[in-house]
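This report concerns only the one structure given below.
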Amino acid sequence: MCVSWFRLKYPAIGKLLFANGGARSRTEAAIMKAEGVTAGVTDLILLLGRGGFNALCIEMKTIDRRSALSDAQIEWRSLAITNGNRHVVCRTFEEFQSEIR
């Protein structure tokens, strides 16, 4: 829903927001790891520099506050931030929209 909304709202840059994967079988995961897929990467990435940042990295979590970042996600967040990117966690569609705006 987030990507669809973004691409309708901002058609000129719509393809700069993309999703990182989803559920995979063990076989698919092994193939993707061999191809360079990295654990911990955020669910969505917007390759658009704004506000002094190179990109916006968005991790989507449920509204359940027990839904937390994994160790791999924490490590990746630190690396992303250290290298000039904004990293946010959104728990609702409205939070996502607010971060985009």
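Any value given below was found using the heavy atoms of this structure, including those in side chains, with hydrogens, waters and symmetry copies removed.
Contact detail for C2 and M60: the closest heavy-atom pair is SG-CE, 3.9 Å. Here the closest heavy-atom approach between residue N85 and residue C57 is recorded as CB-SG, 4.1 Å. Closest heavy-atom contact between T42 and N20: O-CB, 3.1 Å. Looking at every heavy atom in both residues, T62 comes nearest to S67 through OG1-CB, 3.3 Å. Among all heavy-atom pairs drawn from I100 and L46, the shortest one is CD1-CD2, 4.1 Å.
At least one side-chain heavy atom of Q73 sits under 4.5 Å from a side-chain heavy atom of S70. Looking at F6 and V3, their side chains never come closer than 4.5 Å, going by heavy atoms from C-beta outward. Contact check for L17 versus L44: side-chain heavy atoms found under the 4.5 Å cut-off.
The salt bridge (Lys or Arg N to Asp or Glu O under 4.0 Å) pairs that include a residue from residues 9-19 number zero, where partners must be two or more places apart or lie in different chains.
Remark: R101 pairs with no residue by the side chain to side chain donor-acceptor pair (under 3.5 Å) rule, at least two apart or across chains. The salt bridge (charged side-chain N to carboxylate O under 4.0 Å, His left out) search around E59 returns K61, not counting sequence neighbours. Listed by chain and number, the residues in a side chain to side chain contact (heavy atoms under 4.5 Å, CB included) with I63 are R91, T92 (sequence neighbours excluded). With sequence neighbours excluded, the residues satisfying side chain to side chain contact (heavy atoms under 4.5 Å, CB included) with V37 are M32. For the side chain to side chain contact (heavy atoms under 4.5 Å, CB included) test, residues two or more places apart in sequence or in another chain that qualify with T38 are V41, W76. Evaluation of the salt bridge (charged side-chain N to carboxylate O under 4.0 Å, His left out) rule for D64 yields R66 as partners, not counting sequence neighbours. For E99, the side chain to side chain donor-acceptor pair (under 3.5 Å) test picks out R86, with sequence neighbours left out. A search for side chain to side chain contact (heavy atoms under 4.5 Å, CB included) contacts involving T27 returns S25, I31, not counting sequence neighbours. Every residue two or more places apart in sequence or in another chain was checked for a side chain to side chain donor-acceptor pair (under 3.5 Å) with R77, and none qualifies. Residues satisfying the salt bridge (charged side-chain N to carboxylate O under 4.0 Å, His left out) criterion with E75, sequence neighbours excluded, are absent altogether. Not counting sequence neighbours, N83 has no partner by the side chain to side chain donor-acceptor pair (under 3.5 Å) test.
Taking hydrophobic clusters as Ile, Leu, Val, Met, Phe, Trp and Tyr residues chained together by side-chain heavy-atom distances below 4.5 Å, Y10 shares a cluster with I58. Linking ILVMFWY side-chain heavy atoms closer than 4.5 Å, directly or via other members, places I74 and V89 in a single hydrophobic cluster. Put simply, L79 and L69 are part of two different groups of oily side chains (I, L, V, M, F, W, Y) that touch within less than 4.5 Å, one to the next.
Using bins of under 30°, 30° to 60° and over 60° for the plane-to-plane angle, the ring pair F93/F96 lands in the parallel bin.
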Stepwise side chain to side chain contact (heavy atoms under 4.5 Å, CB included) check, L48 with L56: CA-CA 7 Å; L48 185 67; L56 175 61; over 6 Å; no
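T82 places a side-chain N or O within donor-acceptor distance of the main-chain N or O of S78, the cut-off being under 3.5 Å.
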